[in-house]
Amino acid sequence: MAKVVVKKFGRAGAKKPAGSVKSKIVVGPDGRRTKVLAIDANSTTFSEDLHLLFVKNVEKARRENVKAFGSADRVRVR
């Protein structure tokens with residue numbers, strides 16, 4: 001007889017780390033929703049939070065470059 005194992009699926013340790021980075025969804029004047037990340041300037045982890053936002057912005061820019069130009073790091077020569 002087979003043994004039945006019950007387990008939750010998902011990422012291990014998927015809890016968010018404590019930090020001062022806050023995420024908001026805002027609606028622009030054109031009606032499109034945009035995710036905005038903000039940090040608290042008076043937090044004790046300001047430098048780590050600033051580094052995290054920088055990394056996220058670079059990742060987003062590279063994804064957009066791949067969609068537009070086919071490469072993450074290069075721009076097409078005209």
Minimum side-chain heavy-atom gap [X]-[Y] below 4.5 Å:
X	Y	result
Lys56	Leu37	yes
Phe54	Leu50	no
Ile25	Thr34	no

(message) Using the side-chain hydrogen bond (donor to acceptor under 3.5 Å, both in side chains) definition, which of the options Asp49, Asn42, Thr44 pairs with Ser20?
(response)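 It is Asp49; the other options fail the test.
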(message) Given Ile39, which partner from the list Leu52, Thr45, Leu53 fulfils the side chain to side chain contact (heavy atoms under 4.5 Å, CB included) test?
(response)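 It is Leu53; the other options fail the test.
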(message) Is it the case that the side chain of Ser43 and the backbone of Phe46 share a donor-acceptor pair, with hydrogens and angles ignored and the cut-off at 3.5 Å?
(response)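 Yes, because the side chain of Ser43 sits within donor-acceptor range (under 3.5 Å) of the backbone of Phe46.
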